[in-house]
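To start, the structure itself, in structure tokens.
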Amino acid sequence: MEVYNTITRRKQTFQPREPGKVGIYVCGPTTYNYIHLGNARPMVFFDTVRRYLKYKGYDVTYVQNFTDMDDKIIKRAGEEGVNPLELAGKYISEYYQDADNLNVWRADKNPKVTEHIPEIIAMVDKLVQNGSAYVVDGDVYFEVRKFAGYGKLSGRSLEDMQAGARVDVDERKRDPMDFALWKSAKPGEPSWDSPWGQGRPGWHIECSAMSLKYLGSNFDIHGGGFDLIFPHHENEIAQSEAATGEPFVRYWMHNGFITVNEEKMSKSLGNFFLVRDILAKYPGELVRFFLLSTHYRSPLDFDDEKLTAAGRGLERIKTGLRLLAEALGKSQEEGETGITAEFSAVLDSLKSSFEAAMDDDFNTALAIGVIFDLIREVNTAVQRLGGKLSPADRAALLKAKELFISFNEVMGIFKVDQNTGEIILDNVPEDGTGLAEGLINLIIEVRQEARKKKDWASADRIRDGLKELGIILEDTPQGVRWKKQG
RNA sequence: GGCGACAUAGCCAAGUGGCUAAGGCAGAGGACUGCAAAUCCUCCAUUCCCCGGUUCAAAUCCGGGUGUCGCCUCCA
């Protein structure tokens, strides 16, 4: 398996620290609001990485933090007149709701800054003790000049950065690029006791302290958005390696940005989308499918038309699965098999193609292409079946179904019933009583009687009327099939 | 100013030296159908932003140009 490593700028063969085990740390959101679309890409992508590693048989430990204490949270809490911790807590639970809708599996650990203050203080203290950091008026700064490798992730030298530095020069810092490990508290801000007085952690230190706590030095994969390469991850490397004296991370992975109308999403441009708002209009599975349909390192432009086009593609997959389920529901008859002998071999080659795609730096776009190939094979096979299903046909279709389920276990583009392992196609209106389903079946019966009498006007009127209500009818040689739209 | 990414059909998007440039959406024709829908089949880039170069061979490598985007400041 090949993984593109940001720090070496090339694909490398993936070799975990310990055979068979993988530790992943992904930088999670700062919980001062509902998550936005830009948060969703790393969530979905790294969830897919995790799922694929599990598919490959690795024992994966997946850690994603919540930044539940920082300037933005304090500011927002002040505006709303609530306690910052309460605000963060609220948006953490809202995060889970969105993540669940995107079929993002729960992390093994979701460490929070506020629950790791002792670890953070210990790490800062270590850096002060070993001369990597210095204390000024209750603030603690990391001294970048003391870390020889500073800039190795982002590929820039300190000299380059000085030239273009736009940061305010704080005269107390020994170098403009020195960054805060610990910030002294201003009046009224949340703070904790420390050897340097009341204060709170700087932004970068939390991820170092928490990833090292749960995964140890030299852990396998550290992920996040491109924008985190500098300064966040650069600083993480500096402070972590200065503290432990060991390599911090084996593979750095960064996802590309989401743009809207070809521009970076930002509040000032008015093209800022919250996941919550998108999920009100589109299913989470579609958003996930859309996010995975482009390679993770490429930029991805979002708009309604693109999402709608993706939705038609996803619908095609769903239709294939419905046809497959329907075919498997047929009673078995002896006789000649309708499915060709090569079918099973084709399935095997699709499985190989899927794995080859994912092995090549998690090429989800290519893997989705394989899923479409599988669906076409299934549709063709089902069509050849006619009305019959021999035991051999059944075995062949079951193999196709199992293959799809295993692909979906990686991609997560359909919800799965936790008890049965079946894909949930969700095409039947649910009202809890079965009334809707019963009424629809009754109407269809009436329409069938009209069709027998060649009363096409009535039949078409019923079909059109149901369509307006979101029920799609399809007449087939084997009878009428219906589904909920979308 | 410094650093970097990208440019493939109407749209989205794989592909980084060599068979017919994946796949999806849209579109055209055909099979099926009372008509639709769904599905299947066929077609839809002699060509990969432009100009040079390397090579037996380049969308893929090199140089130059043009364009778009991003990071350098909180940001996924």
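Residue numbering restarts at 1 for every chain, and letters A, B, ... go by the order of the sequence lines. Since the model is a prediction, treat every value here as computed from it, not as a measurement. Worth knowing before you read on, the calculation uses all heavy atoms, side chains too, and leaves out hydrogens, waters and symmetry mates.
- As judged by a 4.0 angstrom heavy-atom cut-off over every strand, A:Lys454 is placed among residues making no nucleic acid contact.
- Between A:Asn363 and B:G15, a side-chain N or O to OP1/OP2 separation shorter than 4.0 Å is present.
- Aromatic ring orientation, A:His204 versus A:His232: tilted (interplanar angle from 30° to 60°).
- Distance, A:Leu350 CG to B:A22 P: 16 Å, rounded to whole Å.
- In this entry the distance linking CG of A:Asp227 with C1' of B:C3 reads 16 Å, nearest Å.
- The side chain of A:Asp373 sits closest to B:G23 out of B:G23, B:C75, B:A14.
- Using a 4.0 Å heavy-atom cutoff across all strands shown, A:His295 reaches sugar-phosphate atoms only and no base atom.
- Ring-centre distance between A:Tyr251 and A:His222: not below the 6.0 Å cut-off.
- For A:Glu474, taking side-chain heavy atoms from C-beta onward, the closest of the listed nucleotides B:G34, B:A26, B:A38 is B:A38.
- Here the two rings, on A:Tyr62 and A:Tyr214, have centers that are 6.0 Å apart or farther.
- Among the nucleotides B:A37, B:A38, B:C25, the one closest to any side-chain atom of A:Arg312 is B:C25.
- The CD atom of A:Glu305 sits 12 Å away from the C1' atom of B:C25 (whole-angstrom rounding).
- Using a 4.0 Å heavy-atom cutoff across all strands shown, A:Asp475 reaches at least one base atom of the nucleic acid.
- Side-chain N/O atoms of A:Thr259 include none lying less than 4.0 angstrom from OP1 or OP2 on B:U68.
- Atom pair A:Trp456:CH2 and B:U33:P shows a separation of 12 Å (rounding to whole Å applied).
- A salt bridge is absent between A:Arg145 and A:Asp178: the closest approach of a Lys/Arg side-chain nitrogen to an acidic carboxylate oxygen does not fall below 4.0 angstrom.
- Here the C1' atom of nucleotide B:A76 and the CD1 atom of A:Ile35 are 10 Å apart, to the nearest Å.
- Across all strands shown, A:Ser298 has heavy atoms under 4.0 Å from sugar-phosphate atoms exclusively, and none from any base.
- If you check every strand for non-hydrogen atoms under 4.0 Å, A:Asp70 touches nothing.
- One donor-acceptor pair, N or O on each side, does fall under 3.5 Å between the base of B:G34 and the side chain of A:Asp460.
- Between A:Phe407 and A:Phe354, the ring planes lie parallel to each other; the angle is under 30°, not in the 30° to 60° tilted range.
- No side-chain donor from either of A:Tyr296 and A:Arg41 sits under 3.5 Å from a side-chain acceptor of the other.
- A:Gly313 comes within contact range of the sugar-phosphate backbone alone, with a heavy-atom separation under 4.0 Å but no base atom that close.
- Note on A:Phe257: a base of the nucleic acid sits closer than 4.0 angstrom, heavy atoms only.
- Aromatic ring centres of A:Tyr91 and A:Tyr32: separated by at least 6.0 Å.
- Distances were taken from every side-chain heavy atom of A:Ala365 (C-beta onward) to each of B:A13, B:A76, B:G24; the shortest belongs to B:A13.
- Among the nucleotides B:G2, B:G34, B:U39, the one closest to the side chain of A:Arg316 is B:U39.
- A:Arg41 comes within 4.0 angstrom of nothing in the nucleic acid, heavy atoms only.
- One can place CD of A:Gln383 at 10 Å from P of B:U39, the figure rounded to the nearest angstrom.
- The aromatic ring centres of A:Tyr150 and A:Phe147 sit 6.0 Å or more apart.
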Problem - Under the 3.5 Å Watson-Crick or G-U criterion, the dot-bracket string of RNA chain B, with | for inter-strand pairs - result: ((((((((.[[[..)..(....]]].(((((.......))))).....[[[[[..)....]]]]])))))))....
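- Across all strands shown, A:Leu228 has heavy atoms under 4.0 Å from sugar-phosphate atoms exclusively, and none from any base.
- A:Ile258 comes within 4.0 angstrom of a base, heavy atoms only.
- Of the charged side-chain nitrogens involved, at least one lies within less than 4.0 Å of a carboxylate oxygen, so that A:Asp348 and A:Lys399 count as a salt-bridged pair.
- For A:Trp482 and B:A37, the shortest distance from a side-chain N or O to OP1 or OP2 is not below 4.0 Å.
- Computed from coordinates, the A:Leu323 CG to B:U39 C1' distance equals 7 Å when rounded to whole Å.
- Closest to the A:Phe230 side chain, of the nucleotides B:G24, B:C71, B:C75, is B:C71.
- Using modelled atom types, one finds no donor on one side chain facing an acceptor on the other under 3.5 Å when comparing A:Thr67 with A:Asp70.
- Distance noted for atom C1' between B:A13 and B:A26: 14 Å (whole Å).
- No hydrogens or angles were tested; on distance alone, a donor-acceptor pair under 3.5 Å links the side chain of A:Arg463 to the base of B:A36.
- Here, B:C25 and B:G18 have their P atoms 28 Å apart, quoted to the whole Å.
- Judged by atom type and distance alone, A:Asp301 does not reach the base of B:C12 through any side-chain donor-acceptor pair under 3.5 Å.
- Contact check, A:Asn255 against B:A76: no side-chain N or O comes under 4.0 Å of OP1 or OP2.
- Comparing the P positions of B:C49 and B:A21 gives a spacing of 16 Å, expressed to the nearest Å.
- Counting any heavy atom pair closer than 4.0 Å across all strands shown, A:Arg447 reaches a base atom.
- Nearest nucleotide to the A:Arg376 side chain, out of B:C71, B:G23, B:A36: B:G23.
- For the pair A:Phe272 CZ and B:C75 P, the interatomic distance rounds to 13 Å; values are reported in whole Å.
- Residue contacts for A:Ile368: at a heavy-atom cut-off of 4.0 Å it reaches no nucleic acid atom on any strand shown.
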